[in-house]
Amino acid sequence: MTDTLNLHVAVIGGGPGGYAAAFLAADLGLKVTLIDPEVNPGGVCLYRGCIPSKALLHVAKLIDETHQAKNWGVEYADPTVDLSRLRSWKEGVIKKLTGGLGQLSKQRKVEYIQGRAAFDNSTTLRVSRGNGSTDSLSFDRIIIATGSRPAIIPSLKLETPRVMDSTSALDLSDVPATLLVVGGGYIGLELGTVYAALGSKVSVVEMLPGLLPGADRDLVLPLHKRLEKMFASIMLNTTVASVKQEANGIRVTFDGADVKEREKVFDKVLVSVGRKPNSEIPGLEKTKVKVGQRGFIQVNKQLQTDDPAIYAIGDVVGEPMLAHKASHEGRTAVEAIAGHKVAFEPNAIPAVVFTDPEIAWCGLTETQAQKDNRQIKVAKFPWGASGRALTLDRTEGMTKIIFDPESERVLGVGIVGVGAGELIAEGVLAMEMAATATDVELTIHPHPTLSETTMNAAEVFFGTSTDVYRPKR
Ligand code: FAD
Ligand code: NAD
């Protein structure tokens, strides 16, 4: 048997999957090399994803609240935005976090190589460093954590800064007077919210009949209503037929049964129609790793590929393409390499859309239950009955729990409202602990908080909520 503690592991990619894997491997006593093109670990999430977008969304919420404050008797002058200071604040957040990861990497004696890796065979990598030198390095195990990149629609590909992807949109080079967002998913709505708060007239075009197709419709409705006020237009069942660069912007033509205005010129266009896995790693064909039809690397529950020496984690192995899924997969892969008996089998992976209101869910959705023809019981608690929501002047929210009607176990949780992203963690814990409606109902929650709405939803399940009135039939 191999002495697992003497293994030398290489991790390709320093995102939340890769750095978590590298750091845990070092903590477990393995020798570790982490390879990524950036000066420090961080990947898409820290450099051009989760973190910069959330920093900007924080500012967007603040701007929005200065307008709302009028309702509470507080008047602010219209805020002015100094884009260069906003950009440097955002960059500062990224620098602190990625610099911190660089430090943690050194403290753990992880060998960090700034460069790109290609495969020579299952255990040998060719690593090209930023300075032009190339090394051939051999390892016992290799973890692929190369992440994903924005999907491109060939007909929308114009080589002009007026057509942006999420990376260039986060650079915030300017605030266009008009912005068309193509794709009403996570990125389109989060970054659309940022640009709208900064002053752009934002239009969204979504090819499907609703925004955020993966989420239950009742969760999306309050967000849709608020976005209708914030955005210039939301065009559903619509696609972009063509784009053309003109002197003063991008001329866009729309296609679809519901189209009202077939042609319009926008200062800028943000294309956010999904992401593609980075599985085209040079030399991967020299290994036994298999890549599926949609480009995801195929792995088993230990995150091991068809090549026994190679593991893969994060966005490159499949959906949901979320940072917390990547890091948990990273932990599982490393524990498997270290010889622990593990499998990646979560009961629930939370999804959070950081718009205003936020939408968060975990486990089974009502939409999925309907598709599967599965019997469920749904209990909803409207935030209009939440004292805390009233004090925040944000009563449009809702907390719902999906139960198994027989065992009364929590099968899924969905929340829309301010702070939903924080609140969903309790739902995930409930699911991991196999909690029942009684467990949630008997858990005393602090008052007055939005977290109470989870307990209240369980009370609604039993028909015993004292905060809402349902006449007996
Ligand atoms: P990545 O973070 O993509 O990192 C992969 C790394 O590998 C990159 O640094 C890449 O340069 C490097 N790499 C690729 N090929 C090679 C090679 N050959 N050699 C060496 N290095 C290589 N998720 C959330 O959970 N919450 C959010 O709020 C959130 N917000 C997002 C906002 C935006 C705008 C975007 C774009 C994404 C967001 N995501 C969010 C998704 C999240 O960023 C990804 O799910 C996460 O980064 C995936 O982690 P990963 O480790 O798989 O790969
Ligand atoms: P997405 O899959 O969330 O949304 C893409 C949207 O574009 C979909 O609604 C789709 O129907 C639509 N679409 C596709 N082709 C279209 C076309 N031709 N015309 C009009 N609409 C079209 O993808 P995204 O917003 O690009 O984000 C990519 C991924 O990044 C997300 O799925 C998520 O995994 C991750 N992400 C997560 C967060 C978060 O956790 N808060 C934030 C941003 C990104």
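When a ligand or atom number is given, it counts from 1 through the structure's own listing order. Not measured: the values here are computed from a predicted model.
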Count the heavy atoms of every other residue, nucleotide or ligand shown that sit under 6.0 Å from NE2 of His328, and state whether that count exceeds 12. no
Numbered atoms and elements of ligand 1 in range of Asp36, under 4.0 angstrom, heavy atoms: 6 (C), 7 (O), 8 (C), 9 (O), 10 (C), 12 (C), 21 (N)
Can you name the atoms of ligand 1, numbered from 1 with element, that are less than 4.0 Å from a heavy atom of Gly15? 2 (O), 4 (O), 51 (O)
Nearest non-hydrogen protein atom to atom 33 (C) of ligand 1, with distance, is Gly49 CA, 3.3 Å
Note, Leu30 side chain near Asp140 side chain (heavy atom, < 4.5 Å): no
Is a salt bridge present between Asp120 and Arg126, judged by a nitrogen-to-oxygen distance below 4.0 Å? yes
If a pair satisfies ring-ring contact (aromatic ring centres under 6.0 Å, His included) and one of its residues is in residues 133-166, list it, with sequence neighbours excluded. His8-Phe139
Residue pair Lys268 / Ser173, side-chain donor-acceptor N/O under 3.5 Å: yes
Whether over 12 other heavy atoms sit under 6.0 Å from Lys290 NZ: no
Please determine whether the number of non-hydrogen atoms from other residues, nucleotides or ligands lying under 6.0 Å from atom CZ of Arg331 exceeds 12. no
Check the surroundings of atom NZ in Lys157: do more than 12 heavy atoms from other residues, nucleotides or ligands lie under 6.0 Å from it? no
Show me which atoms of ligand 1 lie under 4.0 Å from any heavy atom of Gly115. 20 (C)
Relative to atom 20 (C) of ligand 1, which among Val352, Leu57, Ile12 owns the nearest non-hydrogen atom? Ile12
What is the nearest protein non-hydrogen atom to atom 40 (C) of ligand 1, stated with its residue, atom name and distance? Cys50 SG, 3.3 Å
Heteroatom proximity flag, Arg275 to ligand 1, N/O under 3.5 Å: no
Parallel, tilted or perpendicular: rings of Tyr186 and Trp361 (30°, 60°): tilted
Indicate yes or no: does an N/O atom of Ile281 lie under 3.5 Å from an N/O atom of ligand 1? no
Is there a nitrogen or oxygen of Val44 sitting under 3.5 Å from a nitrogen or oxygen of ligand 1? yes
In this structure, atom 28 (O) of ligand 1 is nearest to the protein heavy atom Lys54 NZ, 2.7 Å
Any nitrogen or oxygen of Gly314, side chain or backbone, less than 3.5 Å from one on ligand 1? no
With Lys380 via salt bridge (Lys or Arg N to Asp or Glu O under 4.0 Å) - residues at least two apart: Asp218
Is the closest side-chain heavy-atom distance between Asp165 and Val271 below 4.5 Å? no
Nitrogen or oxygen of Glu190 less than 3.5 angstrom from that of ligand 1: no
Pairwise side-chain contact, Leu170 with Ser53, heavy-atom cut-off 4.5 Å (strictly under): yes
Taken in chain and number order and not counting sequence neighbours, the residues that satisfy disulfide (SG to SG under 2.5 Å) with Cys45 are Cys50
Enumerated ligand 1 atoms positioned under 4.0 Å from heavy atoms of Ile35: 20 (C), 21 (N)
Using the side-chain hydrogen bond (donor to acceptor under 3.5 Å, both in side chains) definition, which of the options Thr124, Asn121, Thr123 pairs with Ser138? Thr124
Using a heavy-atom cut-off of under 4.0 Å, does the side chain or the backbone of Ser327 touch ligand 1, or both, or neither? neither
Compare all side-chain heavy atoms of Val175 with those of Val81 and state whether any distance is below 4.5 angstrom. no
Hey, is CD on Glu422 packed in by over 12 heavy atoms from elsewhere, all under 6.0 Å? no
Between Glu111 and Lys109, does any NZ, NE, NH1 or NH2 come within less than 4.0 Å of an OD or OE carboxylate oxygen? no
Please determine if Arg394 and Asp356 form a salt bridge, counting it only when a charged side-chain N lies under 4.0 Å from a carboxylate O. yes
Heavy atom of the protein closest to atom 7 (O) of ligand 1 (residue, atom name, distance): Gly13 CA, 3.2 Å
What part of Phe354, side chain, backbone, both or neither, has a heavy atom within less than 4.0 angstrom of ligand 1? side chain
among protein heavy atoms, the one nearest atom 41 (C) of ligand 1 is Met321 O, 3.6 Å
Number the atoms of ligand 1 from 1 as they appear, then name those within less than 4.0 Å of a heavy atom of His324, with their elements. 25 (O)
With atoms numbered from 1 as shown, which atoms in ligand 1 lie under 4.0 angstrom from a non-hydrogen atom of Ser148? 3 (O)
Starting from atom 21 (N) of ligand 1, find the nearest protein heavy-atom neighbour and note its residue, name and distance. Pro37 CD, 3.4 Å
Just to be sure I read this right, does ligand 1 sit under 4.0 Å from the backbone of Ala323, its side chain, both, or neither, counting only heavy atoms? both
Pull out every atom of ligand 1 sitting under 4.0 Å from any heavy atom of Ser53, numbered as shown with elements. 32 (C)
Under 3.5 Å: N/O of Ala117 near N/O of ligand 1: yes
Salt-bridge criterion met for Glu263 and Lys244 (N-O under 4.0 Å): no
If you scan protein heavy atoms around atom 51 (O) of ligand 1, the nearest is Gly17 N, 2.9 Å
Protein heavy atom at shortest distance from atom 44 (C) of ligand 1: Asp315 OD2, 3.3 Å
Please tabulate, line by line, the atom pairs linking an N/O of ligand 2 to a protein N/O at a distance below 3.5 Å, with the distance in Å to 0.1, or answer 'none'.
residue: ligand 2; atom: 3 (O); partner: Tyr186; partner atom: N; Å: 3.2
residue: ligand 2; atom: 9 (O); partner: Glu206; partner atom: OE1; Å: 2.5
residue: ligand 2; atom: 9 (O); partner: Glu206; partner atom: OE2; Å: 3.3
residue: ligand 2; atom: 11 (O); partner: Glu206; partner atom: OE2; Å: 2.6
residue: ligand 2; atom: 21 (N); partner: Met207; partner atom: N; Å: 3.2
residue: ligand 2; atom: 23 (O); partner: Gly274; partner atom: N; Å: 3.3
residue: ligand 2; atom: 25 (O); partner: Tyr186; partner atom: N; Å: 3.3
residue: ligand 2; atom: 25 (O); partner: Ile187; partner atom: N; Å: 2.8
residue: ligand 2; atom: 26 (O); partner: Gly274; partner atom: N; Å: 2.8
residue: ligand 2; atom: 34 (O); partner: Met321; partner atom: O; Å: 2.7
residue: ligand 2; atom: 40 (O); partner: Val352; partner atom: O; Å: 3.4
residue: ligand 2; atom: 41 (N); partner: Glu190; partner atom: OE2; Å: 2.8
residue: ligand 2; atom: 41 (N); partner: Val352; partner atom: O; Å: 2.7

Please identify which atoms of ligand 1 are closer than 4.0 Å to at least one heavy atom of Ala326. 49 (O), 52 (O)
Tell me which part of Ser166 gets within contact of ligand 1: side chain, backbone, both or neither, using heavy atoms under 4.0 Å. side chain
